[in-house]
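One structure is given below, encoded as C-alpha cells.
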Amino acid sequence: MKDTGQRIPMLTAYDATSARLVEAAGVPIILVGDSLGMTIQGHETTVPVTLEDIIYHTRAVVRGTSKAMIVFDLPFMTYTISPEQALTSAGRAIQEGGANAVKMEGGAHMAPTVARVVAAGIPVMAHIGLTPQSVYQLGGWRIQGRDAQSAQRLIDDALALEQAGAFAIVLETIPAPVAKEITARLHIPTIGIGAGPDCDGQVQVFHDLLGLTEDHLPKHAKRYANLAETIRQAVGEYVAEVGNGSFPTEAQSFKMDEAALAALYSHAGGSNGGVKP
Ligand code: KIV
C-alpha cells in the first residue's frame, strides 16, 4: 500500500463482534492493543495488562475476522527482558492467540530483539515516540521529539528498527514534521497516531473513534459517532419498558400448543397449581 500511495487505516478491536464490524468496514489491519487495559479493563495505564489478557482477546478477534491482518500488542515486561523472552511471547501470540504479527514498543535498543523475532519467522511492527508502557519513565503522556536532538533520536530509532526487519512502525504523539521526515526516509510504512497527516497510515483506538470513552478524548482522536449516547438511550428505553410492562410483548414470547396447555392444567389437579390460564 505504501508503494502505491494508498493510506493504511488501522484500528484496535478487542472482541469478535467489534472486529467483525471493523473488518466489514474495510480496515485491513486490526490491532489487539494493550490499550484494552484502559478501554476494557478500566485501568489508568496499559502497564497491568498481561500476555494472557491479550491472548484471550486476540482469539476472539481472530474468530470474528477472516481477511484482516491481526497484530498482537506485546504487553509490558513480556519482551524487554531478553530477545529469548520476546521470542517466547511472540511465539505464544501467533500459536495460541492466532495473530499474524506482533507489535513491540521501543527504539534502537530493541533492534536486536526485533531481529531475533523476525529471524524466527514472526513479523514485527515497531512502535516509537510516546510509548505508553514507559509512561512513568516519560513522566506522563507527553509529546516526544520536540527538540532537534530528540527528533534526530526518533529518526535514528526508526532507521535501526527498519534495518532490524520490522515490517511497519507506529509513530505515536510526535510532531508532524518529524513523522513526515521518518516516513520519507523509511521503505516500510509508518502508522501514525498523533503524528500528523503525512504517515503512510493511521491507527486509532476503537472506543475513541466511536465515542465510547466520554470522559476524555485525546487530541489525536476524532469522534466519528457518539455510541455512548446511543447506548444510554437504548438501554434507558429498555429499563423503562421492563418497568411499565411494555416489554416483552407477544412478539418476543413463545406460544404453547393448546392441547399441551390443557393437559398441564388438568395435571395441576384442577386448581391450576398456581398456573394461570
Ligand atoms: O494499544 C494500543 O491501542 C496501541 C495503539 C494506540 C497504537 O498501541
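Note: hydrogens, waters and symmetry copies are ignored here, and every other heavy atom, side chains too, is used. Order of appearance sets the numbers: ligands from 1, and atoms from 1 within every ligand.
- Under 4.0 Å from ligand 1, the heavy atoms of I193 that appear belong solely to its side chain.
- Heavy atoms of Q204 found under 4.0 angstrom from ligand 1: none, in either backbone or side chain.
- Among the atoms of E105, none of the N or O lies under 3.5 angstrom from an N or O of ligand 1.
- Atoms of ligand 1 lying under 4.0 Å from at least one heavy atom of G33, given by number and element, are 1 (O), 2 (C), 3 (O).
- The shortest N or O to N or O distance between Y14 and ligand 1 is not under 3.5 Å.
- Nearest to atom 4 (C) of ligand 1 by heavy atom, out of T12, T46, L31, is L31.
- For atom 2 (C) of ligand 1, the closest heavy atom belonging to the protein is S35 OG, 3.3 Å.
- Counting heavy atoms from C-beta outward, M125 and M10 have side chains that approach closer than 4.5 Å.
- Between the side chains of Q204 and Y224, no donor N or O sits under 3.5 Å from an acceptor N or O.
- In this structure, V205 and T12 approach most closely via the heavy-atom pair CA-OG1, 3.5 Å.
- Checked by atom type, the side-chain pair Q252/T249 shows a donor-acceptor distance below 3.5 Å.
- You'll find the side chain of P175 reaches within 4.5 Å of the side chain of I143, heavy atoms only.
- For ligand 1, the atoms closer than 4.0 angstrom to any heavy atom of K103 are 8 (O).
- Aromatic ring orientation, Y238 versus F247: perpendicular (interplanar angle above 60°, classes split at 30° and 60°).
- Using 4.0 Å as the threshold, H127 has a heavy atom nearer than that to some atom of ligand 1.
- Salt bridge E52/R92: present, at least one basic N to carboxylate O contact under 4.0 Å.
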